Amino acid sequence: MLPVAGESRQAAIMNQREQMEQRGQWRITVWEEENFQGKRCEFMLECPNILDRDFQKIRSIKVDNGPWVGYEYPEYQGQQFILEKGDYPCYQAWSGNSSYRTEHLLSFRPIKCAKHSDSKITLYECEDMMGRKFEMCDDYPSLQAMGWCSKEVPSIKVNSGAWVGYQFPGYRGYQYIFERDRRQGEYRNYNEFGTQAHSNQIQSIRRIQH
């Protein structure tokens with residue numbers, strides 16, 4: 001039986017409402033200057049290149065609903081920075097204890113699969129998800145302290161949620177975002193960790209907050 005016109009219209013309205021509610025789960029405001037000064041713009045969707053919005057750069061950020069990941073170059077290239085709910089008045093706020101700092105961001109996107117209470121990740125001692133493995137569901141400021149015998153993690157599978165790995169213990173150094181809904185959750189070698197990855201050194205890892 002074909003739906004009557006009224007039912008079709010109601011279904012379309014409900015679908016539109018669901019899409020609007022889903023968009024509302026992610027909201028970020030960016031400013032061209034530090035300390036929330038200068039040109040500003042609010043986003044609920046990804047932005048592959050802020051230059052297309054007549055911005056020169058992003059130097060401060062407020063995340064109302066997230067999380068998001070920001071990149072130093074357009075088209076989601078270069079160093080990655082996790083952006084969870086809160087204020088980022090200057091680049092030090094998103095760089096944190098990173099040994100690599102960039103004073104502005106040029107692209108960003110929401111992390112849609114983050115589920116802090118339901119996150120699981122598997123680390124492997126060899127590339128292509130081979131060799132000894134270790135499954136975890138919690139945050140680890142030091143992988144070696146919990147029993148991982150190397151400073152390196154050659155490959156990773158995200159079973160659920162989203163994670164951020166760090167180059168050094170204590171959540172310091174380069175950041176790498178690992179998501180269940182990208183690459184089918186499989187990161188077979190360090191080249192798939194991110195465009196800025198130069199090694200498979202990861203010494204701390206945590207669940208992304210949502």
Side-chain angles (χ1 to χ4, degrees), residues 46 63 66-73 75-86 88 91-102 105 107-210:
E46 65 274 3
V63 177
W68 299 69
V69 53
Y71 296 82
E72 66 175 325
Y73 300 127
E75 302 296 338
Y76 319 120
Q77 301 294 305
Q79 175 66 9
Q80 310 169 49
F81 296 96
I82 183 67
L83 301 168
E84 291 161 316
K85 187 174 182 178
Y88 301 82
Y91 77 90
Q92 290 94 335
W94 64 67
S95 294
N97 294 319
S98 175
S99 58
Y100 183 96
R101 299 186 179 186
T102 179
L105 303 177
S107 58
F108 52 89
R109 61 175 178 82
I111 299 173
K112 297 185 177 181
C113 64
K115 291 184 179 180
H116 187 262
S117 61
D118 180 22
S119 298
K120 182 178 178 181
I121 194 169
T122 306
L123 313 183
Y124 294 85
E125 68 174 352
C126 300
E127 292 185 351
D128 295 318
M129 296 177 291
M130 303 291 288
R132 188 173 72 99
K133 65 180 181 179
F134 190 90
E135 294 181 352
M136 58 181 64
C137 303
D138 206 349
D139 304 340
Y140 287 92
S142 173
L143 289 176
Q144 288 180 289
M146 69 85 179
W148 190 256
C149 59
S150 173
K151 295 180 180 180
E152 300 177 340
V153 180
S155 58
I156 288 174
K157 179 174 178 61
V158 181
N159 306 96
S160 60
W163 299 71
V164 53
Y166 295 82
Q167 181 183 13
F168 301 121
Y171 311 126
R172 296 179 298 112
Y174 288 109
Q175 302 177 28
Y176 305 105
I177 310 300
F178 302 108
E179 299 159 89
R180 177 64 184 89
D181 63 355
R182 300 178 76 86
R183 299 182 180 276
Q184 297 182 318
E186 298 179 353
Y187 299 80
R188 295 181 172 273
N189 56 65
Y190 76 84
N191 291 313
E192 297 184 349
F193 292 178
T195 60
Q196 89 286 15
H198 301 296
S199 75
N200 53 19
Q201 183 175 335
I202 294 178
Q203 297 186 69
S204 55
I205 195 167
R206 66 175 179 85
R207 297 162 292 172
I208 291 176
Q209 300 279 353
H210 187 272

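We count residues from 1, following the sequence as given. Model, not experiment: these values are computed from the prediction.
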Salt bridge (Lys or Arg N to Asp or Glu O under 4.0 Å) with D128: which residues, sequence neighbours excluded?
none
The reported gap from NZ in K120 to NZ in K157 (rounded to nearest 0.5 angstrom) is 10.5 Å
Give a yes or no on whether F134 atom CZ has more than 12 heavy-atom contacts from other residues, nucleotides or ligands under 6.0 Å away.
yes
Option among I208, D181, V158 that satisfies the side-chain contact (heavy atoms from CB on, under 4.5 Å) test with C113
D181
Compare every heavy atom of C126 with every heavy atom of P154, then report the nearest pair and how far apart it is.
CB-C, 3.4 Å
If I take atom OG from residue S160 and atom CD from residue E179, how far apart are they, to the nearest 0.5 angstrom?
13.0 Å
Take atom CD of E135 as the centre, draw a 6.0 Å sphere, and report whether it contains more than 12 heavy atoms from other residues, nucleotides or ligands.
yes
Which pair of non-hydrogen atoms, one from T102 and one from F81, has the smallest distance, and what is that distance?
CG2-CE1, 3.2 Å
Answer whether the closest heavy-atom distance between the side chains of E84 and V164 falls below 4.5 Å.
no
Just verifying a value: how many Å separate L143 CG and E152 CD, rounded to the nearest 0.5 Å?
12.5 Å
Hey, are the side chains of W68 and E46 touching, using non-hydrogen atoms and a 4.5 Å cut-off?
no
Is a side-chain donor or acceptor of Q203 paired with a backbone partner of Q167 at a separation under 3.5 angstrom?
yes
What I want to check is whether the side chains of Q196 and Q79 have a donor and an acceptor closer together than 3.5 Å.
yes
Give me the atom names and distance for the closest heavy-atom approach of R182 to Y187.
O-OH, 3.9 Å
Side-chain touch N159/R180, heavy atoms, less than 4.5 angstrom
no
Residues that T195 engages under side chain to side chain contact (heavy atoms under 4.5 Å, CB included), provided they are two or more places apart
Q77
I202 vs L123 side-chain heavy atoms within contact, under 4.5 Å
no
Rounded distance [0.5 Å steps], OG in S155 versus CD in E125
9.5 Å
Can you name the closest pair of heavy atoms from D138 and W163 and give their distance?
O-CZ3, 3.3 Å
Measure the CZ-CG distance between F108 and L83 for me, rounded to the nearest 0.5 Å.
9.5 Å
Heavy-atom check, side chain of Q175 versus side chain of Y166, under 4.5 Å:
yes
Say you draw a straight line from CD1 of I111 to CZ of R109; how long is it, rounded to the nearest 0.5 Å?
6.0 Å
Pairing residues for F193 by the ring-ring contact (aromatic ring centres under 6.0 Å, His included) criterion, not counting sequence neighbours:
Y176, F178
Does S107 use its side chain to pair, donor to acceptor, with the backbone of Y73 at less than 3.5 Å?
yes
For S119 against G161, the heavy-atom pair lying closest together
OG-CA, 3.9 Å
Side-chain contact test, heavy atoms from C-beta onward, threshold under 4.5 Å: evaluate it for Y124 versus R188 and give yes or no.
no
In terms of heavy-atom contacts, does CE of M130 have more than 12 from other residues, nucleotides or ligands at under 6.0 Å?
no
Using modelled atom types only, decide if a donor and an acceptor are shared between the side chain of Q80 and the backbone of I177 within a distance under 3.5 Å.
yes
Test item: M136 and M146 side chains (from C-beta on) under 4.5 Å apart, heavy atoms:
yes
For Y171 and D139 the tightest heavy-atom approach is OH-CB, 3.5 Å
